[in-house]
Amino acid sequence: MAAGGVEVSRSSVAIDRTRAFNSRQGGRDGERHQTKRPIEADRRRRDGRRDSPKGPRLVSQRGEVREEYGVQKRRKCSPAGWEGKDRMVRAPLSEKIIKTNQFVDVATTRKISSEDQVGVLSPEHVPSVSVLPVEAQLDVQHPLDDLEEGQLEDDRQVVQAPNIATSKWATGLESPKDEEDVITDVVRSSRWNRSSLSPESGELLSEASEERRSSSSGSGSGRPISAREHSEHELGSRIDMDVGEAECSPPDFSVSEIDEPASPDVGLSMLAGSRDVNEYQKLSKINEGTYGIVYKAKDRKTDEIVALKMIKMNMEDEYGFPLTSLREINILLSCNHPSIVNVKEVVVGNGASVFMVMEHLEHDLRGVMDRMKQPFSTSEVKCLMIQLLEGVKYLHSNWIIHRDLKPSNLLLNNSGELKICDFGMARQYGSPIKPYTQLVVTQWYRSPELLLGTKVYSTAVDMWSIGCIMAELLSLKPLFRGKSQNDIDQLQQIFAVLGTPSETVWPGFTSLPGAKAKFRKQPYNLLRKKFPAASFTGAPVLSELGFDLLNRLLNVDPEKRLTVDEALSHGWFNEVPLQKSKEFMPTFASKRN
Ligand SMILES: Nc1ncnc2c1ncn2[C@@H]1O[C@H](COP(=O)(O)OP(=O)(O)OP(=O)(O)O)[C@@H](O)[C@H]1O
């Protein structure tokens with residue numbers, strides 16, 4: 001959309017949205033379902049596109065829907081300043097918005113009262129930055145205002161968003177080298193005692209570094225896959241993630257017991273003040289991923305059971321400390337939502353090892369689904385989906401794209417609570433403004449636009465993954481199981497079910513780099529066959545509304561794909577059977593100790 005296409009109405013939507021967010025923060029019952037449409041949705045409406053079916057939100061007899069997600073827990077250090085006062089009203093950037101003068105539209109059309117103050121803030125507003133009075137801020141011109149459409153195509157024309165320029169990390173970045181210098185400064189000067197975290201530390205990772213990390217395990221087509229994922233792909237069947245869990249219960253959580261890396265130069269000053277890992281007693285190894293080894297442990301003082309993720313140091317990296325981990329820690333320490341895993345603190349080991357201390361959940365959805373004989377019931381799927389969507393809503397509202405949503409990154413406890421983990425690929429979007437790496441999202445959950453090599457993408461990539469997860473919750477099987485590291489095969493699998501897109505179905509499709517491949521023509525959407533309304537074949541049964549939600553989440557065109565707000569207000573969640581209350585969710589025997 002041309003820059004001139006956004007105007008007062010968008011501003012008011014942003015402000016309304018702000019109010020809705022603030023109301024939710026206040027925790028009034030049911031308000032999460034009355035959220036104003038996000039900007040993107042508003043744009044769609046004005047474009048005459050069909051909205052998701054809506055209806056009055058019913059409240060479960062068991063009161064689940066009334067849960068106050070807005071109630072804030074103890075506030076942690078928040079570099080994003082999400083609850084900040086006296087700040088500029090801004091709306092999240094979307095793939096479209098980054099080409100426009102969104103900020104100015106919002107900022108200049110209305111002066112805000114304290115009532116209007118934002119719950120959703122741009123990541124550039126870090127607490128450490130002295131904040132201008134609101135009126136002064138409203139006059140600030142966003143550098144993107146002068147950015148023409150198409151400029152983003154050029155990697156060299158990266159425009160630094162104002163946060164970098166105005167933050168305490170500001171050094172007048174001009175080149176990738178400068179960015180790397182800043183990373184060093186950030187790593188060296190930051191502390192993880194929750195006093196001075198900054199999202200920029202993660203953001204400043206140059207694209208080159210990011211790509212390097214993303215492809216570090218040799219995956220040319222996606223996020224580096226872990227040994228487990230690799231096996232899943234290779235063997236064509238999933239391996240229960242708990243299988244590899246090691247029995248180990250030594251009395252001490254001495255880092256020498258674990259495969260601790262030699263001391264890299266990671267600028268350890270950032271850890272000054274952090275507690276020692278020996279405050280925790282190691283109980284068992286839960287899992288090993290690409291970026292860390294996760295242990296179950298016990299707080300020696302409180303007996304609380306926690307999960308410790310040991311950050312794998314990257315010895316090939318100039319800084320030793322993986323910046324994906326820095327990003328993960330920063331984002332997770334900033335997040336505060338019941339559907340996002342809670343990071344309590346960061347502790348250090350004897351050498352240079354660093355551990356993230358998280359709340360412990362007994363399972364992840366991958367492990368659970370691998371052990372289930374029967375799929376989740378409709379009301380159970382609704383319970384899980386709503387929790388997932390609420391968590392993602394929180395992220396997207398706070399400018400964060402997770403970029404790796406999949407069942408193994410969704411933790412589940414025996415109280416029916418679902419929590420999103422693994423923020424190694426997450427990033428706050430909008431800063432710096434430039435095309436993001438395409439090497440994100442594990443292949444089976446990766447959206448068509450990513451698979452086709454789009455350079456600019458947004459929150460819709462998470463929504464696609466959510467569609468894949470919903471299908472999997474209903475059937476226990478991954479919906480699109482492309483061959484390992486084969487984007488074309490993954491796309492073929494998608495198109496075989498949803499139909500091969502055309503320029504009519506997905507405007508812009510043919511200009512994507514990967515669209516030149518010869519895909520088998522499949523003119524129909526066959527998704528309904530996989531999820532019929534009534535089944536004699538054992539296929540998962542899905543009502544008309546349920547199918548509508550799934551089909552819209554899996555829209556190949558990211559512009560038409562449901563936003564998280566649209567998904568949350570979809571009529572399926574109001575239809576009987578209503579979502580099951582968490583306390584009635586099934587429990588699962590733990591394979592972990
Ligand atoms: N807080 C937690 N409580 C219990 N188990 C956890 C917790 N966090 C992570 N896990 C387990 O450890 C696994 C790996 O964690 P995580 O995804 O954070 O590591 P990773 O190295 O980033 O993995 P990946 O290779 O998927 O990127 C998860 O799939 C989950 O099974």
Side-chain angles (χ1 to χ4, degrees), residues 213-219 222-233 238-246 258-259 280 282-299 304-314 322-329 331-333 335 338-346 354-371 391 402-415 417-427 439-446 465 469 588 590-593:
R213 269 167 200 91
S214 294
S215 55
S216 61
S217 39
S219 164
R223 179 181 193 213
I225 56 175
S226 64
R228 175 172 53 79
E229 283 166 353
H230 184 71
S231 309
E232 287 171 4
H233 285 287
R238 298 187 309 276
I239 296 170
D240 190 318
M241 61 166 309
D242 292 333
V243 165
E245 199 170 295
I258 38 190
D259 212 4
Y280 296 91
K282 181 169 72 170
L283 299 176
S284 61
K285 179 173 165 182
I286 295 174
N287 205 347
E288 176 161 359
T290 313
Y291 298 107
I293 306 172
V294 183
Y295 297 90
K296 183 175 176 182
K298 186 163 80 173
D299 187 322
E304 185 188 5
I305 299 295
V306 295
L308 293 189
K309 181 168 175 177
M310 191 185 85
I311 310 301
K312 285 185 184 170
M313 296 299 173
N314 185 350
L323 288 163
T324 45
S325 302
L326 189 62
R327 202 179 248 176
E328 175 173 34
I329 291 171
I331 289 181
L332 273 175
L333 276 170
C335 286
S339 296
I340 312 280
V341 71
N342 183 33
V343 170
K344 296 164 182 293
E345 63 173 330
V346 176
V354 176
F355 298 77
M356 232 170 33
V357 183
M358 296 176 276
E359 62 179 316
H360 175 265
L361 282 89
E362 291 93 337
H363 317 281
D364 67 59
L365 267 180
R366 169 80 287 128
V368 161
M369 288 196 288
D370 285 348
R371 295 205 298 274
H402 186 280
R403 303 199 302 184
D404 199 16
L405 293 173
K406 58 179 176 178
S408 63
N409 287 341
L410 301 179
L411 303 172
L412 189 66
N413 65 18
N414 284 332
S415 306
E417 291 173 324
L418 175 148
K419 293 178 194 259
I420 303 167
C421 76
D422 191 359
F423 282 66
M425 294 305 286
R427 72 173 294 153
L439 304 179
V440 294
V441 190
T442 304
Q443 187 179 298
W444 291 347
Y445 306 89
R446 198 180 303 156
S465 306
I469 292 166
F588 302 91
S590 180
K591 279 196 168 182
R592 301 174 183 169
N593 296 311

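We count ligands from 1, going down the list as the structure has it; atoms in each ligand are counted the same way.
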Is ligand 1 under 4.0 Å from a heavy atom in the side chain of T442, in the backbone, in both, or in neither?
neither
Closest by any non-hydrogen atom to atom 3 (N) of ligand 1: pick that one out of L361, V357, L308.
L361
Is a donor on one side and an acceptor on the other found under 3.5 Å between the side chain of K298 and the backbone of K282?
no
Looking at L411, N409, I305, L410, the heavy atom closest to atom 6 (C) of ligand 1 belongs to L411
Under 3.5 Å, is there a donor-acceptor pair between the side chain of H363 and the main chain of F588?
yes
Between the main-chain N or O of I311 and the side-chain N or O of S325, is there a donor-acceptor pair closer than 3.5 Å?
no
Side chain E359, main chain N342, donor-acceptor under 3.5 Å
yes
With side chain to side chain contact (heavy atoms under 4.5 Å, CB included) as the test, pick out the partner of I420 among L332, N409, L405.
L405
Tell me the nearest of H360, K296, E359 to atom 1 (N) of ligand 1, using heavy-atom distances.
E359
Keeping the roles fixed (side chain from E288, backbone from I293), state whether a donor-acceptor pair exists under 3.5 Å.
no
In ligand 1, which numbered atoms sit nearer than 4.0 Å to a non-hydrogen atom of V341?
1 (N)
Short version for D422: what comes under 4.0 Å of ligand 1, heavy atoms counted, is both
If we number the atoms of ligand 1 from 1 as shown, the ones under 4.0 Å from a heavy atom of A307 are 1 (N), 2 (C), 3 (N)
For S408, state whether at least one heavy atom is located under 4.0 Å from any atom of ligand 1.
yes
Please work out whether any backbone atom (N, CA, C, O) or any side-chain heavy atom from C-beta onward of M358 is under 4.0 Å from ligand 1, and answer side chain, backbone, both or neither.
side chain
Using distance alone, decide if ligand 1 has a nitrogen or oxygen within less than 3.5 Å of any nitrogen or oxygen in I286.
no
Counting only N and O atoms by type, is there a donor-acceptor contact under 3.5 Å from the side chain of R366 to the main-chain atoms of P407?
no
